[in-house]
Amino acid sequence: MRFGLCCLFKNEAIAFRTTTAKALCSLPRSRQLEKLSGICHSNAQSLVRAVQTVHSLGIGAFRIMSPLFPRITHPDVGYGLDDLPDGESIDSLLVATRSFARHHDIRLSFHPDQFVVLSSPRPDVVANSIRELAYQAWLAEAVGADVINLHAGGVYGDKLSALQRFCQVFADLPEIVRSRLTLENDDVSYTVSDLLPVCERLAIPLVYDVHHHRCKPDGLSVEEATRLAGATWQRLGREQYCHLSSPKAGWEGGDPRPHADYIDPEDMPACWRERAMTVDIEAKAKELAVLRLMNCFSGGE
DNA sequence: GCATGTCAAGTTGTG
DNA sequence: CACAACTTGACATGC
């Protein structure tokens, strides 16, 4: 069992900077690139420190935040590493991240945010999504990340048509994207049962989020969903990936979807304990939540 | 200095 | 019909 941290730290002094398109637009291009170069260089340094810190804490996986290089695919202020004054230095920091992660077996992943929707009926939305995925895949290749995990997107009144569009778009994606793309069950629209046929058809893995499954059940037990999702990874010879979180307001009464600061050990499926798998911990207390959970199960492993 | 509103992008469900 | 929730800040602005 390998536990993973998502994007940020609570107590460690590791921060990721950003900027807005609006702020950049008020600058001439050369000043834009200087500003972006400073931010990207700082973030690449933070990424190296993040994987080092994760390793020293005994955590085995790290999800990299999508805007590591902010606004890089923006239509007006987008850029490439080559355009930045510190481009070469940034590139060497990515190489350093990759070699550290590989040497210490830190598994890296990406989770593009809600704007990346391959099933949308709107061609502009799909085109922007493909551009963003190409960027994340390039970055994934640079740092050695094996997973770019997506939700299936909207329903638009007809799930099967939406999934059909997803499959059509998938077929034309570049290989560096396709070889990393995974689908995750969400808490509103698509369950494990909905996604399994798509994953089988496209030969891509299914990331099983047990919290989403509990918010939107589909008749499968947690054990069945774990096993069926696991098979999509095993068939590719890859380690299974799952997500775990606890409801902020508890399972009774309020909305169970918002995430709590820490994981209630009760929410950890018993059938996961002895499994060879990566479990990303989605909790607001970040590395503190991962460490507390690891402590909880350290006797059992 | 410090508080507060704003930030590229999509979709759904709620008030 | 407008707006918050998804993940969660950090930045820019204005006092």
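Computed from a prediction, not measured in an experiment: that's the story for all the values here. A, B, ... follow the sequence lines: proteins, then strands. Residue 1 opens every chain.
The interatomic distance linking A:Leu24 (CG) with C:dC11 (P) rounds to 12 Å, in whole Å. Between the CG atom of A:Leu8 and the C1' atom of C:dA10 there is a distance of 11 Å, given to the nearest Å. C:dG9 atom C1' lies 11 Å from atom NZ of A:Lys284, rounded to whole Å. Protein atom CD1 of A:Ile14 is 17 Å distant from nucleotide atom C1' of C:dT8, rounded to whole Å. A:Leu150 has its CG atom 15 Å from the C1' atom of C:dC6, to the nearest Å. For the pair A:Leu68 CG and C:dA10 P, the computed distance is 14 Å after rounding to whole Å. In this structure, A:Asp186 atom CG and C:dC6 atom C1' are separated by 10 Å, rounded to whole Å. For the pair A:Lys10 NZ and C:dT8 P, the computed distance is 10 Å after rounding to whole Å.
Think of A:Ile39 as one node in a network of Ile, Leu, Val, Met, Phe, Trp and Tyr side chains linked at under 4.5 Å; it has no links at all.
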Item to complete: Just do the side chain to side chain donor-acceptor pair (under 3.5 Å) check on A:His111 and A:Glu184 with the steps written out, would you?
Response: CA-CA 10 Å; A:His111 196 0; A:Glu184 176 190 345; 3.2 Å; yes

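Under the 6.0 Å distance and 45° angle rule, A:Arg98 does not count as a cation-pi partner of A:Trp138. Remark: A:Arg165 is positioned above the aromatic ring of A:Tyr156, its terminal NZ or CZ atom under 6.0 angstrom from the ring centre and at most 45 degrees off the axis.
Taking the six-membered ring for Trp and thresholds of 30 and 60 degrees, A:His55 and A:His104 have ring planes inclined between 30 and 60 degrees apart.
Remark: A:Pro67 pairs with A:Met65 by the side-chain contact (heavy atoms from CB on, under 4.5 Å) rule, at least two apart or across chains.
Rounded to a whole angstrom, the distance from the C1' atom of C:dT7 to that of B:dC7 is 14 Å. Comparing the P positions of C:dC6 and B:dA3 gives an interatomic distance of 26 Å, to the nearest angstrom. Comparing B:dG1 with C:dT8, their C1' atoms are spaced 24 Å from each other, to the whole Å. Only the C1' atoms considered, C:dG9 is 22 Å distant from B:dT11, to the nearest whole Å. For the C1' atoms, the distance from B:dT6 to C:dA4 is 15 Å, rounded to whole Å. For the C1' atoms, the distance from B:dG10 to C:dA10 is 23 Å, rounded to whole Å.
OP1 and OP2 of C:dT7 both lie 4.0 Å or more from every side-chain N or O belonging to A:Lys286.
Taking the six-membered ring where the residue is Trp, the centroids of A:His151 and A:Tyr190 are separated by 6.0 Å or more.
The listed nucleotides are C:dA10, C:dA12, C:dT7; the one nearest the side chain of A:Lys35 is C:dA12.
The salt bridge (charged side-chain N to carboxylate O under 4.0 Å, His left out) analysis of residues 188-202 of chain A, with sequence neighbours excluded, yields the pairs A:Lys159-A:Asp194. Each salt bridge (charged side-chain N to carboxylate O under 4.0 Å, His left out) pair with one or both residues in residues 47-69 of chain A, not counting sequence neighbours, appears once here: A:Arg63-A:Asp280, A:Arg63-A:Glu282.
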Item to complete: Would you mind building the protein contact string for nucleotides 6-15 of chain B? One character per nucleotide, 5' to 3', B for base within reach (heavy atoms under 4.0 Å), S for sugar-phosphate only, - for untouched.
Response: -SBBBSSS--

Discussion item. Please convert DNA chain B into dot-bracket. A pair counts if it is Watson-Crick or G-U wobble with both distances under 3.5 Å; crossing pairs go in [ ] and bases paired with another strand get |.
Written reply: |||||||..||||||

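Across all strands shown, A:His259 has heavy atoms under 4.0 Å from sugar-phosphate atoms exclusively, and none from any base.
Side-chain atoms of A:Asp267 and A:His211, non-hydrogen and from C-beta on, never get closer than 4.5 Å to each other.
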